[in-house]
Protein chains: 2
Amino acid sequence: MTLFDIHQIDETIHGRVRLGIMAFLAASGTADFTSLRKHLAVSDGNLSTHLKKLEDAAYIAQHKSFAGRKPLTQIELTPQGRTAFLAYLEAMSRLVSASAM
Amino acid sequence: MTLFDIHQIDETIHGRVRLGIMAFLAASGTADFTSLRKHLAVSDGNLSTHLKKLEDAAYIAQHKSFAGRKPLTQIELTPQGRTAFLAYLEAMSRLVSASAM
DNA sequence: AATTATACTTTGTTTTTCAAAGTTATTTGT
DNA sequence: ACAAATAACTTTGAAAAACAAAGTATAATT
């Protein structure tokens, strides 16, 4: 019986919204603030807070620019972010394997 | 590109400690309070709170008895709990598949 | 008999999540 | 042209969640 160790879980990624952000970015490479907010169906304040947390962990980078004269925030996974997300996925794979019922 | 929907995640299970409880119970059938606390390496107060939350959701049942005169709490997965955990695992499998990088 | 340990629950604090309100600039309607 | 509405965020405050310290009750140890 291979037991699953909860301490393998990276809490920075594990949160529902941040997990959605990471999965989206892993699939798409980059995203802008608005499409992320629409895709995840969260409030803008909430998204902003979670992005900041991921940025503080250096898992994403936010590039603020202007599209014409409107602010545009483009978000991308950093190499560390990709590595951490891979590790998270592996931990989840282990959970799934260990728990197959 | 199959995108992962964060609203599929059952927050009652997703929390790190509760996920550990569910995985342990899924593997072992039942457990007592003390072995769960040791395995998860959490404080007793913390464990008590999470168990109550899972009990409120009817995902586990707690049977309080005495071993000699010492209180003994035995915890088991309910059928609903097993079903919900299976659904959670499937959601996580989808995440892993969708995110394979 | 007094201290230490076991098995919890309750309470209070810290941390996290989330949305309402605020900011700044833009577009639309009249 | 001027007000009103929209866009793209950030900041702030409130609600919820997580956690550990303290409390309760009994048992074992010295």
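Proteins come first, then strands; the chains are lettered A, B, ... in the order of their sequence lines, and each starts at number 1. Worth saying up front: this structure is predicted, and the values here are computed from it rather than measured.
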In whole Å, I'd like the distance from the [atom1] atom of [X] to the [atom2] atom of [N].
X: A:Ile21; N: C:dC18; atom1: CD1; atom2: P; result: 11 Å
X: A:Gln74; N: D:dC9; atom1: CD; atom2: C1'; result: 15 Å
X: A:Gln62; N: D:dC9; atom1: CD; atom2: C1'; result: 10 Å
X: A:Leu51; N: D:dC9; atom1: CG; atom2: P; result: 10 Å
X: B:Leu72; N: D:dT26; atom1: CG; atom2: P; result: 16 Å

_Once side-chain contact (heavy atoms from CB on, under 4.5 Å) is applied, do any residues pair with B:Thr30, and if so which ones, sequence neighbours excluded?_
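Partners of B:Thr30 under the side-chain contact (heavy atoms from CB on, under 4.5 Å) test: B:Glu76.
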_Qualifying residues under side-chain contact (heavy atoms from CB on, under 4.5 Å), relative to A:Glu55, sequence neighbours excluded_ =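 Expected list: A:Ile60, A:Gln62.
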*asked:* Please determine whether side chain to side chain donor-acceptor pair (under 3.5 Å) holds for the pair A:His14 and A:Asp10, giving the CA-CA distance in whole Å, both sets of side-chain angles, and the decisive distance to 0.1 Å.
replied: CA-CA 6 Å; A:His14 191 59; A:Asp10 184 341; over 6 Å; no
*Decide side chain to side chain contact (heavy atoms under 4.5 Å, CB included) for A:Phe85 and B:Ser99; before the verdict, give the C-alpha distance in whole Å, the side-chain angles of both, and the deciding distance to 0.1 Å.*
CA-CA 9 Å; A:Phe85 187 55; B:Ser99 304; 3.8 Å; yes
*All pairs passing salt bridge (charged side-chain N to carboxylate O under 4.0 Å, His left out) where residues 14-27 of chain A contributes a residue, at least two apart*: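 Every salt bridge (charged side-chain N to carboxylate O under 4.0 Å, His left out) pair that includes a residue of residues 14-27 of chain A, provided the two are not neighbours, is A:Arg16-B:Glu11.
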*Under 3.5 Å side-chain donor-acceptor pair for B:Asn46 and B:Thr49*: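 No, no side-chain donor-acceptor pair sits under 3.5 Å.
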*Might you point out which heavy atoms bring A:Ala23 and B:Leu95 nearest each other, and give the distance in Å?*
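Taking A:Ala23 first and B:Leu95 second, the nearest heavy atoms are CB-CD1, 3.8 Å.
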*Contact pattern, 5' to 3', of nucleotides 11-24 of chain D - B, S or - by protein heavy atom under 4.0 Å*: B-----SSBBB---
*In residues 29-41 of chain B, which residues come under 4.0 Å of DNA chain C by heavy atom?*
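Going residue by residue through residues 29-41 of chain B, the ones with a heavy atom under 4.0 Å of DNA chain C turn out to be B:Phe33, B:Thr34.
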_Taking side chain to side chain donor-acceptor pair (under 3.5 Å) as the definition, give me every residue that meets it alongside B:Asp44, ordered by chain and number, with sequence neighbours left out._
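B:Asp44: no side chain to side chain donor-acceptor pair (under 3.5 Å) contacts found.
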